[in-house]
Amino acid sequence: MLKRLGIVLLCFLMLIPLACSSKEQPTSQSSNNQSNKVELMISAAASLKDAMNEMKTAFEGEHPNVNLSFNFGSSGKLAQQIAQGAPADIFLSASKKDMDTLEGKSLIIKDTRVDFTKNELVLIANKNSELTISSFENMDLSKFNHLAIGEPKSVPAGNYAEETFQNLKLWDQLQNKLVMGSDVRQVLTYVESGNTELGVVYLSDALISNKVKVLATAKSEWHKPIVYPGAIVANSAHIEDAKAFISYLSSDQGKELLKKYGFK
């Protein structure tokens, strides 16, 4: 009798690891599914931040095997990072110039390049400001002490601002009033916080803030066209998935989302 009980107990103990193994299997499978996701790194102009954060949710909902990660900054600095070998699958620039630089070095796949949206340049002030400037060309420089713009050499919005003020013969007069931002969002922050009375940003940046107001819009003939090109980086290891994102960006859904955030 005791021998029979011993055999039954031994069989029971042998079944326990099998049961545990069966229970752990779903967790292991879930982990594998997660690790099989494609990670797309996108270097994007700072002005695209809010639109891209919403586009991430929409795109990943339709492409559950892809996870989007973003590196936001000034287009010039992002292009420089890519040229120096920083990891990126896609580059979304706020200027043709920076994309042209990478294309000239064969660092993007030329056939994937597409102009996916446009923008406008605006003069902003803090929402509580009493400044009444109705247009760029009629700015009274005696009415303010500081004007924030992006650093023209690396920030497209700053370059467009310089072109605008050069055309209006105001650039030299503004030199002692300029405060340079590392990207267009820093310029927005300067005005939001009251550190500068005025700033020049894209319309899309002004619209996402409830702390600033638009005083004037620059005429398109005062600066080069504000066009946003996107392309796949030449050394991307996920070209097909990157192509899917570029296509989504240019689709009706993508255009509607960008329009929602003030892009053209």
Side-chain angles (χ1 to χ4, degrees), residues 35 37-53 55-56 59-60 66-119 148-163 178-190 200-202 204-205 223-250 258 263:
S35 63
K37 272 196 171 188
V38 171
E39 186 85 15
L40 278 185
M41 175 59 72
I42 301 174
S43 290
S47 53
L48 291 165
K49 186 174 183 178
D50 295 270
M52 287 301 108
N53 284 338
M55 192 167 291
K56 170 182 168 69
F59 181 81
E60 290 179 353
V66 180
N67 183 55
L68 302 181
S69 295
F70 290 92
N71 175 29
F72 294 106
S74 69
S75 297
K77 289 180 181 177
L78 293 175
Q80 187 177 35
Q81 290 171 8
I82 292 171
Q84 292 172 348
D89 295 290
I90 295 171
F91 179 39
L92 304 180
S93 176
S95 77
K96 289 168 56 62
K97 175 186 173 183
D98 296 303
M99 189 65 79
D100 289 344
T101 297
L102 294 188
E103 184 175 324
K105 297 178 180 179
S106 298
L107 293 175
I108 63 165
I109 301 176
K110 184 178 179 180
D111 292 344
T112 66
R113 179 171 174 171
V114 60
D115 294 339
F116 63 92
T117 198
K118 297 179 181 180
N119 218 328
I149 68 169
E151 168 55 54
K153 291 182 180 180
S154 60
V155 184
N159 184 254
Y160 297 131
E162 180 180 354
E163 289 177 350
L178 294 177
V179 176
M180 302 297 183
S182 60
D183 59 47
V184 71
R185 287 303 173 88
Q186 187 173 66
V187 174
L188 180 66
T189 300
Y190 284 154
V200 178
V201 298
Y202 297 124
S204 58
D205 297 297
H223 55 74
K224 291 185 180 72
I226 303 176
V227 176
Y228 285 64
I232 298 174
V233 178
N235 63 0
S236 171
H238 310 291
I239 292 177
E240 291 307 313
D241 293 295
K243 283 182 178 179
F245 180 78
I246 292 291
S247 294
Y248 188 87
L249 197 62
S250 305
L258 288 164
F263 293 90

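The structure presented is a predicted model; accordingly, all values stated were derived computationally and were not measured.
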> What distance separates K243 NZ from H238 NE2, expressed to the nearest 0.5 Å?
Replying inline: 15.0 Å
> Looking only at heavy atoms, which two atoms of E60 and L68 are closest? And how far apart?
Replying inline: OE2-N, 2.7 Å
>> Applying the side chain to side chain contact (heavy atoms under 4.5 Å, CB included) criterion to L48, which one of I42, L258, N53 satisfies it?
In response: L258
> Cut-off 3.5 Å, side chains only: do N119 and S204 have a donor facing an acceptor?
Replying inline: yes
> Any chance the rings of F263 and F116 have centres within less than 6.0 Å?
Replying inline: no
>> With a 6.0 Å cut-off (strictly less than), is the heavy-atom count around NZ of K56, excluding the residue itself, greater than 12?
In response: yes
>> Please find the pair of heavy atoms, one from P156 and one from Y202, that lie closest to each other, and give the distance.
In response: CB-OH, 3.5 Å
>> Show, in sequence, the C-alpha distance, side-chain angles and deciding distance for S69 and E39, and conclude whether the side chain to side chain donor-acceptor pair (under 3.5 Å) test is met.
In response: CA-CA 7 Å; S69 295; E39 186 85 15; 2.3 Å; yes
>> Under the rule for side chain to side chain contact (heavy atoms under 4.5 Å, CB included), what residues qualify as partners of E163, not counting sequence neighbours?
In response: N159, Y160, H223, K224
> Does E162 reach the main-chain N or O of G158 with its side chain, forming a donor-acceptor pair under 3.5 Å?
Replying inline: no
> So, do I232 and I108 sit near enough that their side-chain heavy atoms are less than 4.5 Å apart?
Replying inline: no
Show the atom names and distances, to 0.1 Å, of all donor-acceptor pairs under 3.5 Å that link a side chain in residues 75-94 to residues at least two apart or in another chain.
residue: S75; atom: OG; partner: A94; partner atom: N; Å: 2.9
residue: Q81; atom: OE1; partner: N71; partner atom: ND2; Å: 3.0
residue: D89; atom: OD1; partner: S236; partner atom: OG; Å: 2.7
residue: D89; atom: OD2; partner: M41; partner atom: N; Å: 2.8
residue: S93; atom: OG; partner: S95; partner atom: N; Å: 3.0
residue: S93; atom: OG; partner: S95; partner atom: O; Å: 2.7

> D115: what forms a salt bridge (charged side-chain N to carboxylate O under 4.0 Å, His left out) with it, not counting sequence neighbours?
Replying inline: none
>> List the residues meeting side chain to side chain contact (heavy atoms under 4.5 Å, CB included) with S247, not counting sequence neighbours, and say none if there are none.
In response: none
> If you look at every heavy atom in I246 and V114, which pair is closest and at what distance?
Replying inline: CG2-CG1, 3.7 Å
> Taking the side chain as C-beta and beyond, is there a heavy-atom pair between M55 and F245 under 4.5 Å?
Replying inline: yes
> By side chain to side chain contact (heavy atoms under 4.5 Å, CB included), which residues pair with L178, not counting sequence neighbours?
Replying inline: L147, I149, W171, L174, Q175, M180
> Less than 4.5 Å apart, any side-chain heavy atom of K96 and any of I226?
Replying inline: no
> side chain to side chain contact (heavy atoms under 4.5 Å, CB included) between N235 and V233: does it pass, once the steps are laid out?
Replying inline: CA-CA 6 Å; N235 63 0; V233 178; 3.2 Å; yes
>> Just to verify, what does D50 make a side chain to side chain contact (heavy atoms under 4.5 Å, CB included) with, not counting sequence neighbours?
In response: R185, I208, Y261
> Charged N to carboxylate O below 4.0 Å: is that the case for R113 and D100?
Replying inline: yes
> Any side-chain heavy atom of Y228 within less than 4.5 Å of one from S47?
Replying inline: yes
